[in-house]
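See structure below.
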2 protein chains.
Amino acid sequence: MLKEKNISSETIKRLIIYLRYLDMLRKRKIKVISSENITSYLNVQPSQFRKDLSFFGEFGKRGVGYDVENLAGAIEKILGLEDEIDVILVGVGKLGAALVQYSGFKKINVRIAACFDKNPEKIGARVGSMVIEDIKNAGKIIKATGIRVAVICVPVEEAQPVAEHIVKLGIKGILNFTPTVLVLPGSVYVSNVDMASELGNLIYYLKK
Amino acid sequence: MLKEKNISSETIKRLIIYLRYLDMLRKRKIKVISSENITSYLNVQPSQFRKDLSFFGEFGKRGVGYDVENLAGAIEKILGLEDEIDVILVGVGKLGAALVQYSGFKKINVRIAACFDKNPEKIGARVGSMVIEDIKNAGKIIKATGIRVAVICVPVEEAQPVAEHIVKLGIKGILNFTPTVLVLPGSVYVSNVDMASELGNLIYYLKK
DNA sequence: TAGATTGTTAATCGATTAACAATC
DNA sequence: TAGATTGTTAATCGATTAACAATC
C-alpha cells in the first residue's frame with residue numbers, strides 16, 4: 001500500500017463492490033479474470049477498475065488478468081477487513097432491529113457488539129441473540145470495549161442530541177440512518193444513509 | 001422550471017435536504033432565510049445552494065434572502081412531491097417490514113401501496129396495516145395500479161431474478177437495498193442503498 | 001443611499017475515461 | 001513471436017467554489 005494519498009470514497013466503495021464479485025467468482029472456482037470481464041457486470045469502466053487498484057499497487061499480470069484469490073485477498077487487506085471491527089447501534093426501533101440482524105455487515109467483518117435504546121420497555125429485551133442495553137450504559141461499554149463507530153437509527157428529532165452525546169463518549173465515526181444532517185466536530189466522520197432522498201431522487205428522474 | 005437540462009443527482013438530493021430544513025423553519029414560523037444561514041447547518045456552500053436553485057429559476061430576493069414558505073413550495077413543485085406516488089416493496093423480511101412502516105417515505109409523499117413475498121408463511125400476514133401479497137399477484141397489481149417503482153429487499157441471491165421479473169411486469173425504477181449490482185436494461189433506473197459499503201467506507205477512513 | 005444578498009459567470013478542482021507503451 | 005491485457009499518463013468531463021455585477 002504505497003501511494004495512498006487522497007483515495008476517494010467512490011474508489012473505496014467500488015473496492016467493496018469488486019470484492020463482493022470476486023468472492024462470488026471464488027466460490028465458483030474461477031481463477032483468473034480481466035478488468036474487461038469483471039466490470040461488465042458492475043456498471044464500471046475497465047479503466048476505472050484498473051485506476052482504482054493502481055492507487056494501492058500492482059495486482060494483475062499483463063496479457064493475462066487478475067488472479068481472483070490473490071486480488072480478493074489484496075482488497076481485503078487494503079480495506080482492513082481482516083480483523084473484525086465492533087460497532088454499536090443506537091435506537092432499536094424496527095429499522096434498528098433489522099440492522100442488528102443484517103447479514104451484510106457481517107460480510108465485511110463488522111459486528112454490532114451492543115445496541116442501545118432509552119425506552120424502558122425495550123431495555124433488557126432481546127433482538128436476535130442480543131440484549132438491548134440502556135443508553136445510560138453506553139459510556140461504560142464504549143470505554144470498556146474501545147469501540148469508535150456507531151450506527152444511529154433513532155427517531156429523527158433525537159439524532160442530533162444522541163450524536164453529540166456519543167461523540168462525547170468517544171465515538172469517532174457515525175453511520176446515520178436518520179433523515180437529518182448532523183452538525184458535529186470536523187474530527188468525526190459521518191456517513192449518511194438517506195433512504196428517502198435516494199427514493200426521491202429515483203422518482204424525480206423517472207418522472208422525466 | 002425553465003432550464004432543466006442535465007440536473008445531477010447530487011443537486012436533486014440536496015434539494016430534498018434543503019426542503020427538510022425549510023419545513024423545520026416553517027414550523028418554527030421563520031419567514032426568511034439567506035443562503036449563508038441555511039447552508040451553515042447543512043455542510044453545503046452558500047454558492048452551491050444558489051447554484052442548485054439556479055437550474056430551476058429565481059427564488060430569492062437580492063439583499064434579503066429567500067421566503068421560507070415560498071421556497072419550500074417551489075422545491076416541492078420541482079421535485080414533483082405534490083401528488084402522492086405509489087410504489088411496491090418486494091421482500092418482507094426484517095428490513096422490508098421496517099421499510100413498509102418507515103415514516104421518511106411518507107414525508108416525501110411516497111406510499112408503499114403493496115408489499116410482496118414468496119414465502120407462503122408470510123403471505124396473508126400483516127405488516128402494520130398492510131397485508132403481504134403473494135409475489136405471483138405482482139403482475140396483476142402492477143397492471144391495475146400503474147405503479148412503476150419498486151423497493152427491493154429480498155435476499156441478495158434473489159435480487160437479480162426478482163428485478164428482472166418485476167421489470168417484465170412494468171417496473172421502471174428500482175430502489176435496491178441488496179448488496180449486489182443489478183444488471184438491467186438501460187431504460188430502468190436503479191438506485192442502490194448499499195448499507196455495508198457505506199459502513200465499510202466509513203471504517204476505512206477512520207482507520208487512517 | 002448604503003448594506004446585504006442574490007444569480008450567474010469564470011476559475012478551480014477532482015473524478016472518469018481514453019489511449020497506449022510496457023510486458024506477460 | 002503475436003495477441004492480450006495491464007498500469008499509467010494525458011485528455012475529458014462535470015461538479016464545486018469563488019468572485020462579482022445586479023439589485024433589493
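Protein chains get the first letters and strands the later ones, always in sequence-line order, with residue 1 at the start of each.
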For [X] and [N], give me the distance from atom [atom1] to atom [atom2], rounded to whole Å.
X: A:Ile12; N: C:dG14; atom1: CD1; atom2: P; answer: 17 Å
X: B:Asn43; N: D:dT16; atom1: CG; atom2: C1'; answer: 15 Å
X: A:Leu53; N: D:dT8; atom1: CG; atom2: C1'; answer: 13 Å
X: B:Leu71; N: C:dT6; atom1: CG; atom2: P; answer: 11 Å
X: A:Phe49; N: D:dT8; atom1: CZ; atom2: P; answer: 14 Å
X: B:Tyr18; N: C:dT6; atom1: OH; atom2: P; answer: 12 Å
X: A:Glu36; N: C:dA19; atom1: CD; atom2: P; answer: 14 Å
X: B:Asp52; N: D:dT16; atom1: CG; atom2: C1'; answer: 10 Å

Report yes if a side-chain nitrogen or oxygen of [X] is closer than 4.0 Å to either non-bridging phosphate oxygen (OP1 or OP2) of [N]; otherwise report no.
X: B:Arg50; N: C:dT6; value: yes
X: B:Tyr66; N: C:dA4; value: no
X: A:Gln48; N: C:dT17; value: yes
X: A:Ser35; N: D:dT6; value: yes

Should [X] and [Y] count as side-chain neighbours, where that means a heavy-atom distance under 4.5 Å?
X: A:Phe56; Y: A:Lys77; answer: no
X: B:Phe49; Y: B:Tyr66; answer: yes
X: B:Arg20; Y: A:Thr180; answer: no
X: A:Leu79; Y: A:Ile12; answer: yes
X: B:Tyr205; Y: B:Asn201; answer: yes

Side chain of [X] only, heavy atoms from C-beta on: which candidate in [options] is closest?
X: A:Glu10; options: C:dA15, D:dT8, C:dT8; answer: C:dA15
X: B:Arg62; options: D:dT16, C:dT17, D:dA22; answer: D:dA22
X: B:Lys51; options: C:dT8, D:dA10, C:dC20; answer: C:dT8
X: A:Ser34; options: C:dG7, C:dA15, D:dT6; answer: D:dT6

message: So if I apply the side-chain contact (heavy atoms from CB on, under 4.5 Å) rule between A:Asn176 and each of A:Val181, A:Leu184, A:Val190, A:Asp194, which one comes out positive?
response: A:Val190
message: Any base atoms under 4.0 Å from B:Thr11, or only sugar-phosphate, or nothing? Heavy atoms, all strands.
response: nothing
- prompt: With a 4.0 Å cut-off on heavy atoms, is A:Ser8 in touch with a base, just the backbone sugar-phosphate, or nothing at all?
  reply: sugar-phosphate
query: Is a salt bridge present between B:Asp23 and B:Arg26, judged by a nitrogen-to-oxygen distance below 4.0 Å?
result: yes
- prompt: Which dot-bracket string fits DNA chain C when only Watson-Crick or G-U wobble pairs with both atom distances under 3.5 Å count, crossing pairs get [ ], and | stands for a partner on a different strand?
  reply: ..||||||||||||||||||||||
query: DNA chain C: A:Val44 or B:Ile33, which has the more 5' nearest nucleotide?
result: B:Ile33
field: Residue met sooner reading DNA chain C from 5', once B:Phe59 and A:Val64 are mapped to nucleotides
entry: B:Phe59
query: In chain order, what residues pass the side-chain hydrogen bond (donor to acceptor under 3.5 Å, both in side chains) check against A:Ser197, with sequence neighbours excluded?
result: none
field: Residue whose closest nucleotide on DNA chain D lies nearer the 5' end, B:Lys61 versus A:Ser47
entry: A:Ser47
